[in-house]
Novice: 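Attaching a single structure in structure tokens format; questions to follow.
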Amino acid sequence: QVQLVESGGGLVQPGGSLRLSCAASGSIFSFVVMGWYRQAPGKQREWVATTITSSGSTNYADSVKGRFTISRDSAKNMVYLQMNSLKPEDTAVYYCYAGKYDSGSYLTDYWGQGTQVTVSS
């Protein structure tokens, strides 16, 4: 059974920082890729950042580049999203994502239940 559990969300002022955590039920190296998505009310789910677990390479959406940093701690089966210089438009439910090859040539997607981030003065 795969479980991804997010934590660290909350209310923060514009310009502030939060660190989100994603705890995986097993080794993060079981997954090819892990990352973060977000969804604001009435909007499509949006990709934020991903990391290739084996290499640690990272990619970011243009909207968060230079402000957010994704990282991992394999010993703790954790992936993090450090969010700095937060803006009101960052307000959303943030979801942890993981993908792995359970079978076939397509990745199987796994999702956490989300954690709310609200940026407001």
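Bear in mind that the values here come from a model prediction, so they are computed numbers and not experimental data.
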Novice: Is the closest side-chain heavy-atom distance between S63 and R38 below 4.5 Å?
Specialist: yes
Novice: Apply ring-ring contact (aromatic ring centres under 6.0 Å, His included) to Y97 and list each qualifying residue two or more places apart in sequence or on a separate chain.
Specialist: Y37, W111
Novice: With a 4.5 Å heavy-atom cut-off, do V117 and T91 have their side chains touching?
Specialist: no
Novice: Considering only distance and modelled atom types, tabulate donor-acceptor pairs under 3.5 Å from the side chains of residues 68-80, sequence neighbours left out.
Specialist:
unit_1 : atom_1 : unit_2 : atom_2 : d
R72    : NE     : T53    : O      : 3.2
R72    : NH2    : T53    : O      : 3.4
D73    : OD1    : A75    : N      : 3.2

Novice: Strictly distance-based, threshold 3.5 Å: is any side-chain N or O of T51 a donor or acceptor partner for the main-chain N or O of S57?
Specialist: yes
Novice: Can you tell me if T118 and S120 form a side-chain donor-acceptor pair at under 3.5 Å?
Specialist: no
Novice: Does atom CD (Q44) have a neighbourhood of more than 12 heavy atoms from anything else shown, all under 6.0 Å?
Specialist: no
Novice: At what distance, to the nearest 0.5 angstrom, does CG of D102 lie from CG of D109?
Specialist: 10.0 Å
Novice: If we check side-chain contact (heavy atoms from CB on, under 4.5 Å) with D90, which of these qualifies: L18, V119, V48?
Specialist: V119
Novice: For the residue pair C22 and Y95, establish whether any side-chain heavy-atom pair is separated by less than 4.5 Å.
Specialist: no
Novice: Flag the pair E6 / S21 as yes when at least one side-chain heavy-atom distance between them is below 4.5 Å, and no otherwise.
Specialist: no
Novice: To the nearest 0.5 Å, what is the distance between OH on Y110 and CZ on F31?
Specialist: 7.0 Å
Novice: Are T50 and N59 linked by a side-chain donor-acceptor pair shorter than 3.5 Å?
Specialist: no
Novice: Should V2 and V32 be counted in the same cluster of Ile, Leu, Val, Met, Phe, Trp and Tyr side chains packed under 4.5 Å apart?
Specialist: no
Novice: Whether D62 and K65 form a salt bridge (side-chain N of Lys/Arg under 4.0 Å from carboxylate O of Asp/Glu) is what I want to check.
Specialist: yes
Novice: Give a yes or no on this: more than 12 heavy atoms of other residues, nucleotides or ligands lie within 6.0 Å of atom CD of Q113.
Specialist: no
